[in-house]
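One structure below.
Computed over heavy atoms, backbone and side chain alike; hydrogens, waters and symmetry mates excluded. Ligands are counted one by one from 1 in listed order, and the atoms in each one are counted from 1 as well.
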Amino acid sequence: MKLIIIGIQGAGKSTQGNLLKKKLKIPYLSTGHIFREIAKERSSLGRYIKETMNAGYLIPDDKTLEIVSEYLSRPEYQKGYILDGFPRTATQAESFKNGIDKVVYLEVSDKEALWRLSYRGEDGHEREDDTLRALRKRIELFHKFTGPVLEHYKKKRKLVTINGEQSIPKICKEIITKLKV
Ligand code: AMP
């Protein structure tokens with residue numbers, strides 16, 4: 001099964017992605033993680049990705065599509081996967097032809113997401129690109145660019161919307177039920 005998990009930063013995508021990975025026995029990958037790995041490289045691409053991420057901007061669509069397509073062509077993803085963080089724009093969604101089965105949208109309010117993220121920072125897991133300004137910018141970009149992505153999958157009848165402000169086990173149960181797996 002090829003799944004996409006969409007949600008604002010702090011919605012719990014990686015928590016649910018990892019739970020689904022165990023339940024469905026398919027790999028979980030996130031574009032945020034892929035880009036953070038590339039950002040560590042001492043190359044011009046690495047520096048460029050790092051600067052773009054730290055400013056809270058999205059990586060351009062052509063670069064993103066190229067990198068994601070390369071990852072998904074690897075043998076471990078041929079039987080299915082849970083993809084987090086992609087597509088983030090209408091262009092990415094329209095250009096991505098990978099036979100996606102369902103798109104899970106974890107719906108969480110901006111207020112709740114910001115609260116969770118500032119709490120995570122205090123917990124000692126602050127990321128370099130997690131300044132409040134960058135967080136607000138990413139939330140703004142999420143609504144601007146990802147809204148049309150949700151519409152795209154809604155029209156294709158692939159969108160499954162889940163209330164992300166419930167307990168972790170309850171959210172997971174609801175996803176499994178709604179996916180009918
Ligand atoms: P995330 O961990 O999903 O919040 O991603 C961290 C950063 O990686 C984002 O703020 C973007 O700069 C970049 N990124 C991740 N996924 C994408 C994508 N699908 N398109 C463009 N940029 C992305």
Exercise for review: Pull out every atom of ligand 1 sitting under 4.0 Å from any heavy atom of Gly85, numbered as shown with elements.
Suggested key: 16 (N), 17 (C), 18 (C), 19 (N)
Review point. Nearest non-hydrogen atom to atom 15 (C) of ligand 1 belongs to which of Thr31, Asn54, Thr52?
Key: Thr31
Practice item. With heavy atoms under 4.0 Å as the rule, classify the contact between Arg36 and ligand 1 as side chain, backbone, both or neither. Key: side chain
Exercise for review: Check Thr64 against ligand 1 and report side chain, backbone, both or neither, counting heavy atoms closer than 4.0 Å.
Suggested key: side chain
Check your understanding: Within 45° of the ring axis of Phe86 and under 6.0 Å from its six-membered ring centre, is that where the NZ or CZ of Arg88 lies?
Key -> no
Review point. Would Glu51 and Arg47 pass as an ion pair if we require N to O under 4.0 Å?
Key: no
Review point. Is Asp84 paired with Lys13 through a side-chain N to carboxylate O contact shorter than 4.0 Å?
Key: yes
Check your understanding: Where does the angle between the aromatic ring planes of Phe142 and Tyr105 fall among parallel (under 30°), tilted (30 to 60°) and perpendicular (over 60°)?
Key -> parallel
Check your understanding: Side chains of Leu83 and Leu29: closer than 4.5 Å at any heavy-atom pair?
Key -> yes
Revision key, fill the gap. Checking heavy-atom distances from atom 5 (O) of ligand 1 to each of Met53, His33, Gln9, Arg88, the winner is Arg88
Check your understanding: With a cut-off of 4.0 Å, which atoms of ligand 1 are near a heavy atom of Phe86?
Key -> 19 (N)
Exercise for review: Taking all heavy atoms of Leu117 and all of Gly10, pick out the closest pair and write down the distance.
Suggested key: CD2-CA, 3.9 Å
**Study point:** Tyr57 neighbourhood, listing ligand 1 atoms whose heavy-atom distance to it stays under 4.0 Å
**Key:** 11 (C), 12 (O)
